[in-house]
Enquirer: 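Dumping the structure here so I can ask a few things about it.
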Amino acid sequence: MQQVERVKEWGGWLERYTHASSSCNCEMTFSIYLPPQAAKGPVPTVYWLSGLTCTDDNVRTKAGAQRYAAEYGLALVMPDTSPRGDDVADEPERYDLGKGAGFYVDSTQAPWSAHYRMYSYVTKELVELVESNFPVIAGCKSVTGHSMGGHGALVVALKSAGGYKSASAFAPICNPTVCGWGEGCFTAYLGENKSDWSSYDATALIESGAAAPPMMIDQGMDDEFLAAQLYPQNLRAACKNKGVALEYREQEGYDHSYHFISSFIGEHLAWHAKHLNA
């Protein structure tokens with residue numbers, strides 16, 4: 001693991017690292033914000049999963065999250081969205097498949113399976129790396145994210161059987177097995193058999209009885225992708241049918257951008273801090 005950047009913010013430190021990943025079989029990059037409280041002892045951790053076309057750089061420069069992480073004493077871990085490198089499979093003419101679009105699944109199909117194992121990366125390898133090298137409380141973690149990363153946040157929490165104290169999302173892809181983005185990536189990464197897709201679909205996981213941590217979703221009502229790609233109504237229906245608590249908030253006038261995220265990121269981190277410190 002090699003540190004490539006270190007900047008002081010809000011009394012803590014924003015750091016960036018590269019490392020050789022065994023999950024993704026390439027060099028991976030992540031950023032971590034350590035709040036000032038981490039200088040005195042281990043702190044809880046919130047993992048942020050970013051959306052299509054993003055890297056770790058988007059959230060750390062656009063969301064304003066470090067201010068609130070410092071206020072609530074939270075480490076903020078921000079991984080990349082996909083494997084990178086010259087030998088990593090890609091579809092350069094598409095923004096919704098390949099580099100920048102890992103979808104937080106473990107691919108089973110060639111050529112993607114050689115590198116695209118983002119589920120294992122964010123749930124196992126990165127967690128072990130962070131908990132072994134930084135002043136964080138082992139096992140005391142929550143997860144959040146945006147769009148494709150909101151999908152990832154919900155899925156990793158629902159699949160972890162209590163591994164995360166809470167999960168939240170901004171405009172998540174709630175039912176990827178029935179939307180264009182999900183169908184395109186899942187066919188490439190997981191194959192033609194749609195029964196193999198459901199384990200990476202938050203709505204399907206709820207319908208199958210997955211145990212859910214406290215969950216919160218913010219959805220902008222002027223989101224240009226709401227009708228065609230996100231399907232929050234399907235997740236809400238599944239939660240209602242299964243008696244799963246979901247705090248769902250509709251935010252009038254907000255779109256899909258980081259303007260939306262930065263407006264409510266403080267509330268999300270405060271909500272996570274409550275559950276992490278309970």
Side-chain angles (χ1 to χ4, degrees), residues 23-24 49-54 81-83 88-91 93-124 143 145-161 163-164 167 169 171-213 215 217 219 223-244 246 248 256:
S23 300
C24 296
L49 304 184
S50 290
L52 286 167
T53 75
C54 292
T81 51
S82 73
V88 173
D90 192 22
E91 291 284 350
E93 71 280 6
R94 292 182 59 178
Y95 74 92
D96 57 346
L97 179 65
K99 295 176 185 177
F103 245 89
Y104 305 102
V105 305
D106 281 352
S107 176
T108 59
Q109 305 298 304
W112 311 101
S113 55
H115 299 282
Y116 284 74
R117 297 183 56 80
M118 289 300 295
Y119 178 80
S120 289
Y121 177 71
V122 299
T123 62
K124 298 175 183 178
V143 62
H146 170 232
S147 193
M148 179 185 73
H151 139 78
L154 297 175
V155 166
V156 302
L158 290 168
K159 287 168 67 72
S160 73
Y164 295 83
I173 304 170
C174 293
N175 200 179
T177 58
V178 301
C179 78
W181 284 340
E183 289 176 342
C185 283
F186 283 11
T187 299
Y189 298 153
L190 303 174
E192 297 283 350
N193 188 349
K194 291 188 176 183
S195 64
D196 295 333
W197 300 2
S198 59
S199 64
Y200 294 109
D201 184 312
T203 298
L205 287 167
I206 291 292
E207 289 173 342
S208 67
M215 296 190 298
I217 289 174
Q219 177 60 59
D223 190 318
E224 60 271 37
F225 302 112
L226 176 55
Q229 302 287 358
L230 305 184
Y231 290 93
Q233 69 273 20
N234 294 5
L235 179 63
R236 295 176 72 190
C239 287
K240 182 178 180 180
N241 183 49
K242 291 294 184 177
V244 172
L246 170 64
Y248 178 80
H256 199 72

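Numbers here simply count residues along the sequence, with the first being 1. The basis for the numbers below is simple: all heavy atoms, side chains too, and nothing from hydrogens, waters or symmetry mates. For clarity, every value in this text was computed on a predicted model and none was experimentally measured.
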Enquirer: Phe103 pairs by ring pair (Phe, Tyr, Trp, His ring centres under 6.0 Å) with which of Tyr200, Phe186, Tyr119?
Expert: Phe186
Enquirer: With side-chain contact (heavy atoms from CB on, under 4.5 Å) as the criterion, how do Ser147 and Trp181 come out once you've worked through the C-alpha distance, each side chain's angles and the decisive distance to 0.1 Å?
Expert: CA-CA 11 Å; Ser147 193; Trp181 284 340; 3.9 Å; yes
Enquirer: Is any side-chain heavy atom of Pro83 less than 4.5 Å from a side-chain heavy atom of Met118?
Expert: yes
Enquirer: Are Thr108 and Asp196 side-chain neighbours, meaning at least one heavy-atom pair lies under 4.5 Å?
Expert: no
Enquirer: Looking at every non-hydrogen atom in both residues, tell me the closest pair between Leu49 and Gly152 and how far apart they are.
Expert: CD1-C, 3.6 Å
Enquirer: Would you check if Pro232 and Leu226 make a side-chain contact, meaning some heavy-atom pair closer than 4.5 Å?
Expert: yes
Enquirer: I need the Trp197 CH2 to Tyr189 OH distance, nearest 0.5 Å.
Expert: 13.0 Å
Enquirer: Is any side-chain heavy atom of Cys239 closer than 4.5 Å to a side-chain heavy atom of Met215?
Expert: yes
Enquirer: Measure across Val156 and Ala153 and return the closest heavy-atom pair with its distance rounded to 0.1 Å.
Expert: CG2-O, 3.4 Å
Enquirer: Should Gln229 and Asp96 count as side-chain neighbours, where that means a heavy-atom distance under 4.5 Å?
Expert: no
Enquirer: Hey, could you give me the OG1/CD1 distance between Thr203 and Ile173, rounded to the nearest 0.5 Å?
Expert: 11.5 Å
Enquirer: So, taking the atom named OH in Tyr104 and the one named CG in Leu154, what distance separates them when rounded to the nearest 0.5 Å?
Expert: 12.5 Å
Enquirer: Measure across His151 and Pro176 and return the closest heavy-atom pair with its distance rounded to 0.1 Å.
Expert: ND1-CG, 3.9 Å
Enquirer: Could you tell me whether the side chain of Thr81 and the main chain of Cys54 form a donor-acceptor pair under 3.5 Å?
Expert: yes
Enquirer: A side-chain contact here means heavy atoms from C-beta on lying under 4.5 Å apart; do Tyr231 and Gln233 qualify?
Expert: yes
Enquirer: Ser82 and Ala101: which non-hydrogen atoms are nearest, and at how many Å?
Expert: CB-N, 4.0 Å
Enquirer: Can you name the closest pair of heavy atoms from Pro172 and Ile217 and give their distance?
Expert: CD-CG2, 3.7 Å
Enquirer: Considering only heavy atoms from C-beta outward, does the side chain of Leu230 approach that of Cys174 to under 4.5 Å?
Expert: no
Enquirer: Is there a donor-acceptor pair under 3.5 Å between the side chain of Tyr116 and the backbone N or O of Pro111?
Expert: no
Enquirer: Looking only at heavy atoms, which two atoms of Ser198 and Ala204 are closest? And how far apart?
Expert: O-CB, 3.6 Å
Enquirer: Going from NE2 on His256 to CG on Leu52, what distance comes out if it is rounded to the nearest 0.5 angstrom?
Expert: 7.5 Å
Enquirer: Heavy-atom distance under 4.5 Å between the side chains of Glu207 and Asp201, does that happen here?
Expert: no
Enquirer: Run the side-chain contact (heavy atoms from CB on, under 4.5 Å) check on Ile206 and Leu246 step by step: do they pass?
Expert: CA-CA 11 Å; Ile206 291 292; Leu246 170 64; over 6 Å; no
Enquirer: To the nearest 0.5 Å, what is the distance between CG on Asn175 and OG1 on Thr177?
Expert: 4.5 Å
Enquirer: Give, for atom NZ of Lys194 and atom OG1 of Thr187, the distance between the pair rounded to the nearest 0.5 Å.
Expert: 7.0 Å
